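See below for the structure under consideration.
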Amino acid sequence: MKFFVDTADIEAIRDLAQLGIVDGVTTNPSLIMKSGRDIKEVTKEICDLVDGPVSAETVALDAEGMIAEGKELAKIADNITIKVPLTWEGLKACKALTSEGFMVNVTLCFSANQALLAAKAGATFISPFIGRLDDINLDGMELIAEIRAIYDNYGFGTEILAASIRSANHMKQAALIGADVATAPPNVIKAMASHPLTDKGLEGFLKDWAKTGQKIL
Ligand code: G3P
């Protein structure tokens with residue numbers, strides 16, 4: 001499973017990139033707002049840091065507007081993925097942009113039927129939002145499993161990009177189901193390394209080591 005980082009925070013991306021685990025980045029208008037930065041400037045900096053796809057989201061509501069905005073965003077760098085919403089207009093924009101060779105991430109997906117349409121429209125990535133479904137008492141992971149089954153039934157090349165991930169457990173479940181990519185905030189990716197037994201074990205080893213009076217360096 002590829003790891004994308006769901007943030008426009010340059011320092012957080014740099015920190016995670018040191019481990020070589022950042023396969024791409026996703027942003028959205030809320031994350032740009034949170035960064036307090038200009039969309040083109042911050043996106044360019046992200047693209048300079050990361051070789052993989054960097055999603056930048058359009059805000060127009062009509063296909064024509066999305067296509068124009070998407071092409072403008074794509075000028076930022078070669079690894080830009082144009083993000084469009086899963087609306088009828090968004091699907092039209094997806095078809096037009098992917099036909100011209102742009103990478104497109106269709107976002108705000110909440111049903112298997114929406115994901116099926118996005119694949120038919122040639123989407124590079126489909127972004128089902130897990131956490132927001134869980135928020136309303138539905139099962140976000142069930143949606144990932146449904147899309148996996150449908151895409152595998154027909155050999156669609158659209159990659160399942162599990163989004164709105166809120167916990168390390170979401171990461172594990174997405175990987176078990178076979179999502180192609182998971183995008184998560186930096187704190188969730190870091191939380192994957194934590195285990196109380198690791199901390200406890202380390203504490204015990206260090207106590208015993210101190211009793212030996214030895215040094216390695
Ligand atoms: O990638 C989409 C993601 O940013 C949405 O996450 O936590 O706002 O539902 P959230």
Side-chain angles (χ1 to χ4, degrees), residues 1-13 15-17 21-37 39 42-43 45-47 49-50 52-61 66 69-70 73 79-87 90-91 93-94 103-112 114-115 118-119 123-144 146-148 158-175 177 179-192:
M1 185 170 75
K2 285 178 268 190
F3 280 22
F4 287 3
V5 193
D6 199 27
T7 187
D9 180 335
I10 294 287
E11 285 319 310
I13 296 167
D15 178 38
L16 289 168
I21 58 170
V22 179
D23 300 305
V25 171
T26 49
T27 65
N28 61 39
S30 303
L31 293 171
I32 296 295
M33 184 272 292
K34 205 170 153 193
S35 76
R37 304 276 313 275
I39 184 171
V42 74
T43 306
E45 281 180 38
I46 296 170
C47 289
L49 260 181
V50 175
V54 173
S55 289
E57 190 158 343
T58 58
V59 290
L61 293 178
M66 289 178 207
E69 288 178 355
L73 291 169
N79 52 337
I80 286 287
T81 299
I82 301 164
K83 216 170 171 189
V84 299
L86 212 156
T87 57
L91 292 170
C94 172
M103 290 191 287
V104 175
N105 175 358
V106 181
T107 190
L108 289 166
C109 170
F110 295 96
S111 79
Q114 286 182 316
T124 316
F125 299 102
I126 182 70
S127 288
F129 275 31
I130 296 166
R132 294 192 192 188
L133 283 169
D134 290 354
D135 286 346
I136 58 161
N137 270 337
L138 293 173
D139 187 347
M141 280 304 158
E142 198 176 290
L143 174 59
I144 302 292
E146 285 177 355
I147 300 171
R148 180 74 282 156
T158 300
E159 292 192 44
I160 302 174
L161 198 174
S164 185
I165 283 187
R166 306 270 177 79
S167 68
N169 202 35
H170 274 161
M171 292 294 278
K172 181 183 82 175
Q173 289 175 291
I177 292 168
D180 300 289
V181 191
T183 190
N187 63 316
V188 169
I189 294 175
K190 287 191 133 180
M192 293 171 74

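Owing to the predicted nature of the structure, the values given are computational and were not obtained by experimental measurement. All ligand and atom numbering here is 1-based and tracks the order in the structure.
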* To do: Return the residue, atom name and 0.1 Å-rounded distance of the protein heavy atom closest to atom 2 (C) of ligand 1.
  => Phe129 CZ, 3.3 Å
* Just let me know how Asn28 lines up against ligand 1, side chain, backbone, both or neither, with a heavy-atom cut-off below 4.0 Å. => side chain
* To which protein heavy atom is atom 8 (O) of ligand 1 closest, and what is the distance rounded to 0.1 Å? -> Arg132 NH2, 2.7 Å
* Could you list which atoms of ligand 1 come closer than 4.0 Å to a heavy atom of Ala163? => 1 (O), 2 (C)
* Asked: Got more than 12 heavy atoms from elsewhere within 6.0 Å of CG, Leu61?
  -> no
* **Evaluation steps, side chain to side chain contact (heavy atoms under 4.5 Å, CB included), between Thr27 and Ile39** => CA-CA 10 Å; Thr27 65; Ile39 184 171; 6.0 Å; no
* Structure fact -> When distances are taken from atom 4 (O) of ligand 1, the protein heavy atom at minimum range is Asp6 OD2, 2.5 Å
* Asked: Does a side chain donor of either Asn105 or Ser127 reach within less than 3.5 Å of an acceptor in the other side chain?
  -> yes
* To do: Report the nearest protein non-hydrogen atom to atom 6 (O) of ligand 1: residue, atom name, distance rounded to 0.1 Å.
  => Ser164 CA, 3.4 Å
* To do: Show your working on side chain to side chain contact (heavy atoms under 4.5 Å, CB included) between Ile130 and Gln173 and close with a plain yes or no.
  => CA-CA 11 Å; Ile130 296 166; Gln173 289 175 291; over 6 Å; no
* To do: Decide salt bridge (charged side-chain N to carboxylate O under 4.0 Å, His left out) for Arg148 and Asp180; before the verdict, give the C-alpha distance in whole Å, the side-chain angles of both, and the deciding distance to 0.1 Å.
  => CA-CA 9 Å; Arg148 180 74 282 156; Asp180 300 289; 3.1 Å; yes
* Asked: Counting both backbone and side chain atoms, is some N or O of Lys83 under 3.5 Å from an N or O of ligand 1?
  -> no
* **Shortest protein heavy-atom distance from atom 7 (O) of ligand 1, along with the residue and atom involved** => Arg166 NE, 2.8 Å
* Asked: Which pair of non-hydrogen atoms, one from Leu108 and one from Pro85, has the smallest distance, and what is that distance?
  -> CD1-CB, 4.4 Å
